[in-house]
Number of protein chains: 2
Amino acid sequence: MSATFGRVAVLGLGLIGGSLMHAVRQSGLDVVGYDIDPATAAAASASGYPVTPTDAAAVHGADLVVLAMPLPQVPDALRSLAPHLAPGALLTDVGTLKQPVHAAVREIVPHARFVGGHPLAGTEESGWGATDPLLFRDAPWTLTIEPETDLDAWLAVADLVCDLGAKPVPATAAEQDTAVAHVIGLPHVLAEVLALTGLAGGPLGLSLAAGSYRSGSRVARTRPDLVATWCDGNAALVQALDDVIGRLSGAREQLAANGSMYELAAAGHDARVNWEHRRFAPVELRAGVEELCDHGRNGGWITAVLRDDDGVRLLGMRPPS
Amino acid sequence: MSATFGRVAVLGLGLIGGSLMHAVRQSGLDVVGYDIDPATAAAASASGYPVTPTDAAAVHGADLVVLAMPLPQVPDALRSLAPHLAPGALLTDVGTLKQPVHAAVREIVPHARFVGGHPLAGTEESGWGATDPLLFRDAPWTLTIEPETDLDAWLAVADLVCDLGAKPVPATAAEQDTAVAHVIGLPHVLAEVLALTGLAGGPLGLSLAAGSYRSGSRVARTRPDLVATWCDGNAALVQALDDVIGRLSGAREQLAANGSMYELAAAGHDARVNWEHRRFAPVELRAGVEELCDHGRNGGWITAVLRDDDGVRLLGMRPPS
């Protein structure tokens, strides 16, 4: 289906962009890459991928351009590639926060056909050396959809994401950023704080730190500049931190008054176990902005984009209502 | 070396106690078990272990008795087994907090030869079905040592712990409980809070939750009553939570003022990576309470208890000074 795209250009060849080159090629499409860092470009080239010396050359003739550089580099990248975008080419990205990218696109390339994307598929590793063609297998992948979204563009990108084995989740940029504050920003901030406060136990604590410290602080291994781009400027994260501080203050008072952590632990246990055991049922959807937004808001995703004489049908999964 | 013990009785056959039965038998010692829960006792028995119908029968003739029941059951267990302890028998335990167990032993069996123990080897699983003979391999294992500790008893238990492939860490009960507040209590409380607050992202957040939410909330899968026994009553955890709340409040203010999480992330990254990359050097120690306390306080552990004509020598590892 994603033969919709004759050529895909990936700009930025770190963990996500590089893995995307592998995955796009495996899905049978023509792919070309570019990275601002010569060492990364050389590594990708040495792995047998066509890597261009300029972003203009990569974008030239591509009908899908993927912005896969860190968020702070997106505005410059947009300015640089804008004159070279083929007419009708689609633009997407893979960044964690969607509102800042939407704002940059609106400002710099207001007429581009843009669909914001966010594959939930990172690890705490980074760089070309960590790339993995299977990174996106079964990964949720936000595709932003707004009242003004070009639905054909959205469907074409969703189709490709399905082909990569991932799960397109429709959401507005604002809704996705709020959700991301809770399930990405927050876990990272907590991991950083645990990494620091946990070690206040001194050398003895360092030696006794085991599984719970290890898993709780795992993502503190992530490159700090990436963590910052996933958190900074996301107002919903302030709210999420307020909630956490409130819960922790309650726990602290409970403990200080010789109370028990049992209730908190029972609630946390249930939340975590229920999340693991969610169930989903197949559903067929019409390709409409409202219907898709509702679908994502209710925890659903797309599994296939089907085209026949009557138009487009979408298959999806969602929690039973 | 641990032929010091002719017979080991393990009371409580959950994840830790049950794994200990496997490991003690693999080290060549005679082991017998008891569990207050008939189903657990039956499961252990069905796996080919001698399981007694009463704690008295298990303790009878054992020269090492391991209390491996949850902390709230320890006082009753001590009262029940006290009349049956063989003269000279050693008593140890495997609980997370050491001060409450010391207090119970002082009150109920004040003349027992007791060495508090805490293998840092749990997982979020529990019960006989999760037991693993290799659970303790390379695990730190606190053995409490105090001015009044019977050093021969301490060395005998340390010797056994080395034989099980684990790493005896000498510490006073108070020092170990403070360290544990930071590296066990705190990670569990944070995981519970993340499990709850993370899900405030709604069904969309549930579907976007990925690796960082998964690892950050992993230990929220632990049985809530166990989490409570690892936290409740530990004053040092109140202090650790105050530290965390302070750091999170700082992060919240930073974000709300359009600042960056970069500095926090850089500090957390360094703390976590430095922990992973700690290095250790071998050291030889005299078997003295003060020297052992210092060794543990500095992040060291014991690797072997050697006995020759000149007495006892200890080999250990510690961070380079």
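First the proteins, then the strands, lettered A, B, ... as listed; each starts at 1. Every value quoted in this text rests on a predicted model; they were computed, and no experiment measured them.
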Taking every heavy-atom pair that is under 4.5 Å apart, which of [options] has the most such pairs with chain A?
options                        : value
B:K167, B:E276, B:H188         : B:E276
B:L241, B:V189, B:L194, B:V227 : B:L194
B:A209, B:P140, B:A195         : B:A209
B:T142, B:V180, B:D242, B:I184 : B:D242
B:V238, B:T178, B:L237         : B:V238
B:A191, B:G198, B:G202, B:A228 : B:G198

With only heavy atoms counted, which part of [X] is less than 4.5 Å from chain A, the side chain, the backbone, both or neither?
X      : answer
B:D225 : both
B:V169 : side chain
B:S249 : both
B:Q176 : both

- [ ] Please round to the nearest 0.5 Å and tell me the distance separating atom CD of B:E175 and atom CG of A:L208.
- [x] 10.5 Å

Open item on the list: Working to the nearest 0.5 angstrom, can you tell me the gap between A:D232 CG and B:S260 OG?
Closed with: 3.5 Å

Top contributor to chain B interface from [options] [non-hydrogen pairs under 4.5 Å]:
options                        : value
A:L190, A:T229, A:V273         : A:L190
A:W275, A:W301, A:W141         : A:W275
A:L206, A:N298, A:I245         : A:L206
A:G216, A:C231, A:A200         : A:A200
A:G300, A:A240, A:A266, A:A181 : A:A266
A:A271, A:A210, A:A251, A:S217 : A:S217

Which pair of non-hydrogen atoms, one from [X] and one from [Y], has the smallest distance, and what is that distance?
X      : Y      : value
B:V219 : A:S215 : CG1-OG, 4.2 Å
B:P224 : A:H269 : CG-CB, 3.9 Å
A:P187 : B:S212 : CB-O, 3.5 Å

Could you tell me whether the side chain of [Y] reaches within less than 4.5 Å of the side chain of [X], counting heavy atoms only?
X      : Y      : value
B:S207 : A:R278 : yes
B:E192 : A:M261 : no
A:L204 : B:R297 : no
B:L255 : A:N234 : no

Open item on the list: Is it the case that the side chain of B:T197 and the backbone of A:H182 share a donor-acceptor pair, with hydrogens and angles ignored and the cut-off at 3.5 Å?
Closed with: no

Task: Heavy-atom donor-acceptor pair, B:R272 side chain to A:R214 backbone, under 3.5 Å - done: yes

TODO: Sort A:L199 into side chain, backbone, both or neither according to what part of it lies under 4.5 angstrom from a heavy atom of chain B.
DONE: side chain

TODO: Check whether more than 12 heavy atoms from other residues, nucleotides or ligands sit under 6.0 Å from atom CD of B:E263, and answer yes or no.
DONE: no

Open item on the list: Is it the case that atom CD in B:E146 sees more than 12 heavy atoms from other parts of the structure closer than 6.0 Å?
Closed with: yes

- [ ] Before giving the answer on side-chain contact (heavy atoms from CB on, under 4.5 Å), spell out for B:L196 and A:L264 the whole-Å C-alpha distance, their side-chain angles and the decisive distance to 0.1 Å.
- [x] CA-CA 9 Å; B:L196 285 168; A:L264 173 65; 3.7 Å; yes

Open item on the list: Run A:V193 and B:D243 through side-chain contact (heavy atoms from CB on, under 4.5 Å) and show every step you take.
Closed with: CA-CA 9 Å; A:V193 167; B:D243 291 351; over 6 Å; no

